[in-house]
K.L.:
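Okay, here's the structure, questions in a sec.
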Amino acid sequence: MIGDWQDFDGLARLQQERLPAVLAAAERSPFYRKRGVCDLAQQPLTTKQDLRDAYPFGLLACDRADLATYHESSGSSGEPTASYYTESDWDDLAERFARKWTGITAEDTMMVRTPYALMITGHLAHAAARRHGATVVPADNRSLATPYSRVVRLLHDLGVTLTWSLPTDTLLWAAAARAGGYRDFPALRALFVGGEPVGPARKARIARVWGAPVVEEYGATETGSLAGECEHGTMHLWADRAVFEVHDPATGELRPDGRGQLVVTPLYREAMPLLRYAIEDEVEVSYVQCPCGWHLPSVRLLGRAAFAVGGLTQLGLEELVFTLPEEYGVWFWRARADGSRLRVEIEVADRWRGAAVHDLTASLRTAFPDLQVALAAVPTGGLVPFSLLTAQAEVMKPRGLFGAGEDWDSALRYY
């Protein structure tokens, strides 16, 4: 069981006891000192634009010498935002990430397949795994040194037991394993995923493909881990480490639960306190007892508000794709919404082409009766080229001296 509080009332008391220290820390940052810090209930939202305007150190609440790391978000929904952490902050970050019901132990070999670089995600998983004694395989998914062919070789040959990646990446590995002739990964005991919404149908498909449970994680570079999945499949907000609220953009109302955009106030943030940070993700929060006994609110992740198109969400479309019969083998898809028109493409083998198009078209038209649906099937390799799955590592170092017949156009290049 996580924590020693006995119920939701005990959780609320824990939060209230910690808030004075959070407000005091915020007063030490230029941004909040200028804005004015008062009771959290009176505090306006802190937006992503506020973080951009305060770049780089406008929210710094400690001495620069005390910083351990500096990060920037991916910028997937706009200009990147800066965030920074002390060593004490990192203890909290790693502890939250490691709250996996499967556990992380010294017996594990964990492949980290999310970006390192400026984003926090790779560093976070790496730190959590090392604090629990696990062996880390740093297979950064933005590095040309670890293409899919190398990933599946490492998964197989090293006996990797845990992985951390985007949900989509796990299916790309599976396709690469099939292309490379790998069929057995007996050591793998769990796949940790995050970074994009993943619905029940796709999660179940990934679990069956790999023969291992898929454990979802939710967070952001600005905050670290915010929620994780219990053994019963419920996503729980780490409300002992942050105060969570739900914002209705239409009315401006903030509530402890319901549907809207998530707002977070971290309770243990030394370098960069955040008060009512609007993370811009659509969620549904509820306070219902779960058999896991964690006494933490549950959350349904509905997608990034900035990624919704014409009322459609990636999660909603994905669920229809992955409810197709498994034998069709449809793993990869894309869609474009344009007014009242929805164009969808799926990758499917020729033998299942007709059935897949028929079934998915019917599902789409039932789910979105007001849209003109056009569905196209492309052959295997049409969306994910075979060459991508089999490419070898491209590792270069700066070089100035070449021999006769060598291509010296690559001089000084190292990527």
Side-chain angles (χ1 to χ4, degrees), residues 74 76 111-115 121 139-156 160 163-185 188 191-199 201-212 214 307 309 314-337 342-357 359-361 364 374-394:
S74 63
S76 57
M111 175 177 282
V112 178
R113 180 60 176 173
T114 57
T121 171
D140 185 343
N141 74 337
R142 291 294 183 266
S143 171
L144 294 176
T146 47
Y148 295 113
S149 62
R150 191 172 193 177
V151 167
V152 295
R153 175 176 64 79
L154 293 170
L155 285 170
H156 181 271
V160 169
T163 63
W164 165 237
S165 71
L166 293 167
T168 296
D169 234 16
T170 64
L171 291 174
L172 289 166
W173 306 339
R178 186 168 54 193
Y182 293 94
R183 291 178 174 80
D184 191 23
F185 298 84
L188 188 64
L191 301 107
F192 302 154
V193 301
E196 60 172 322
V198 55
R202 182 159 67 131
K203 187 183 295 184
R205 180 73 56 85
I206 294 168
R208 286 193 293 271
V209 165
W210 286 101
V214 177
F307 294 166
V309 180
Q314 176 173 314
L315 197 60
L317 290 173
E318 170 202 288
E319 194 69 7
L320 296 179
V321 172
F322 283 92
T323 51
L324 287 171
E326 197 160 339
E327 62 265 27
Y328 295 177
V330 177
W331 290 355
F332 307 117
W333 65 280
R334 64 184 180 183
R336 186 188 299 278
L342 175 65
R343 177 185 175 189
V344 180
E345 291 185 350
I346 57 173
E347 185 181 289
V348 60
D350 288 343
R351 69 175 293 201
W352 298 112
R353 177 189 178 98
V357 169
D359 291 358
L360 185 55
T361 299
L364 290 166
L375 175 63
V378 301
T380 302
L383 296 182
V384 179
F386 186 77
S387 59
L388 178 69
L389 303 174
T390 58
Q392 298 301 302
E394 182 180 343

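We use all heavy atoms of the structure for the numbers below, so side chains are in, but hydrogens, waters and symmetry mates are not. We count residues from 1, following the sequence as given.
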K.L.:
Can you tell me how far OH of Y148 sits from CG of L155, rounded to the nearest 0.5 angstrom?
P.N.:
12.5 Å
K.L.:
Please identify each residue that fulfils side-chain hydrogen bond (donor to acceptor under 3.5 Å, both in side chains) with R142, with sequence neighbours left out.
P.N.:
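Partners of R142 by the side-chain hydrogen bond (donor to acceptor under 3.5 Å, both in side chains) criterion come out as none, since no residue qualifies.
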K.L.:
Is the cationic atom of R178 (NZ for Lys, CZ for Arg) positioned less than 6.0 Å from the six-membered ring centroid of W331 and within 45 degrees of its normal?
P.N.:
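So R178 does make the cation-pi contact.
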K.L.:
Measure the shortest side-chain to side-chain distance between F322 and K203 over non-hydrogen atoms and say whether it is less than 4.5 angstrom.
P.N.:
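Not in contact.
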K.L.:
Can you tell me if E319 uses its side chain to pair, donor with acceptor, with the backbone of A201 under 3.5 Å?
P.N.:
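Yes; at least one donor-acceptor contact below 3.5 Å.
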K.L.:
About how many Å separate CG of L324 and CH2 of W333, when rounded to the nearest 0.5 Å?
P.N.:
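It is 11.5 Å, given to the nearest 0.5 Å.
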K.L.:
Specify the closest pair of heavy atoms between L388 and V384, including all atoms of both residues, with the distance to one decimal.
P.N.:
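Distance-wise, the nearest heavy atoms are CD2-CG1, 4.0 Å.
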K.L.:
Taking the side chain from R353 and the backbone from A377, do they hold a donor-acceptor pair closer than 3.5 Å?
P.N.:
yes
K.L.:
Measure the CH2-CG distance between W173 and L188 for me, rounded to the nearest 0.5 Å.
P.N.:
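Result: 8.0 Å between the selected atoms.
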K.L.:
Which heavy atom in S149 sits nearest to a heavy atom in A391, and how many Å separate them?
P.N.:
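Taking S149 first and A391 second, the nearest heavy atoms are OG-O, 2.5 Å.
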K.L.:
State the CG-OG1 distance between L360 and T323, to the nearest 0.5 angstrom.
P.N.:
7.5 Å
K.L.:
Mark yes or no for whether E345, through its side chain, and V378, through its backbone, hold a donor-acceptor pair below 3.5 Å.
P.N.:
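It does not hold such a pair.
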K.L.:
When you check the side-chain N and O atoms of R113 and T146, is any donor under 3.5 Å from an acceptor?
P.N.:
yes
K.L.:
Could you pull out the closest heavy-atom pair between E347 and P379, with the gap in Å?
P.N.:
CG-O, 3.5 Å
K.L.:
Indicate the atoms forming the closest heavy-atom contact of P167 with I206, along with that distance.
P.N.:
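In this case the closest contact between P167 and I206 is O-CD1, 3.7 Å.
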K.L.:
Checking R351 now: which residues fulfil side chain to side chain contact (heavy atoms under 4.5 Å, CB included) with it, not counting sequence neighbours?
P.N.:
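Applying side chain to side chain contact (heavy atoms under 4.5 Å, CB included) to R351 gives none.
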K.L.:
Can you list the residues that meet the side-chain hydrogen bond (donor to acceptor under 3.5 Å, both in side chains) rule with N141, with sequence neighbours excluded?
P.N.:
none
K.L.:
Partners of W352 by side chain to side chain contact (heavy atoms under 4.5 Å, CB included), sequence neighbours excluded?
P.N.:
E327, Y328, V348
K.L.:
With a 4.5 Å heavy-atom cut-off, do V214 and V198 have their side chains touching?
P.N.:
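No, every pair of side-chain atoms sits at 4.5 Å or beyond.
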K.L.:
Rounded at 0.5 Å granularity, tell me how far CG in L191 sits from CG in D169.
P.N.:
11.0 Å
K.L.:
Under 6.0 Å from the CZ atom of R336, do we count more than 12 heavy atoms belonging to anything else shown?
P.N.:
no
K.L.:
Can you tell me how the ring of H156 sits relative to the ring of F185, calling it parallel under 30°, perpendicular over 60° and tilted otherwise?
P.N.:
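Perpendicular, since the angle between the ring planes exceeds 60°.
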K.L.:
Of the non-hydrogen atoms in L375 and V357, which two are nearest, and what is the gap between them?
P.N.:
CD2-O, 3.4 Å
K.L.:
Between CG of L154 and CE of M111, what distance do you get to the nearest 0.5 Å?
P.N.:
4.5 Å
K.L.:
Can you tell if the side chain of L342 reaches within under 4.5 Å of the side chain of L317, non-hydrogen atoms only?
P.N.:
yes
K.L.:
What pairs of residues pass the side-chain hydrogen bond (donor to acceptor under 3.5 Å, both in side chains) test when at least one of them lies in residues 384-393, not counting sequence neighbours?
P.N.:
none
K.L.:
Excluding sequence neighbours, so at least two apart, what forms side chain to side chain contact (heavy atoms under 4.5 Å, CB included) with T121?
P.N.:
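Partners of T121 under the side chain to side chain contact (heavy atoms under 4.5 Å, CB included) test: T114, P115, M119, W164.
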K.L.:
What's the shortest heavy-atom distance between A174 and W210, and which atoms?
P.N.:
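Closest approach of A174 to W210: N-CZ2, 3.5 Å.
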K.L.:
Do any N or O atoms from the side chain of R202 and from the backbone of E318 form a donor-acceptor pair under 3.5 angstrom?
P.N.:
no
